[in-house]
Amino acid sequence: MPKRLDDLYHGFYKPQELAKLKNSIEENHKILIDRLSKDDRKTVLRVIDALEMICNYQTKASFIQGFKLGFE
């Protein structure tokens, strides 16, 4: 069952295009990177990666929970 829910998620979920927000993030990231040391840059990238992973897991969990509720 988890494999099927995973397949449904990937089949139906379409990420939103948030161009303005993405551009803002990229611009601010560039500014921040220019002002940080190499070690601090790595830390910022780790934070960004972790936040993206959290968002991905939450999105997938929400989809699966919504599907289960709809199915019941």
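Worth saying up front: this structure is predicted, and the values here are computed from it rather than measured.
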Side chains of I48 and M53 in contact at under 4.5 Å (non-hydrogen atoms): no
Side chain to side chain contact (heavy atoms under 4.5 Å, CB included), paired with L36, selected from L32, D39, D34: L32
Chi angles and distances behind the side chain to side chain contact (heavy atoms under 4.5 Å, CB included) call for H29, V44: CA-CA 9 Å; H29 180 250; V44 168; 4.2 Å; yes
Between NZ on residue K30 and CG on residue N28, distance to nearest 0.5 Å: 11.0 Å
Backbone of K20 reached by a side-chain donor or acceptor of S24 within 3.5 Å: no
Donor + acceptor pair across side chains of S37, D40 (<3.5 Å): yes
In one Ile/Leu/Val/Met/Phe/Trp/Tyr side-chain cluster, 4.5 Å: I25, I31: no
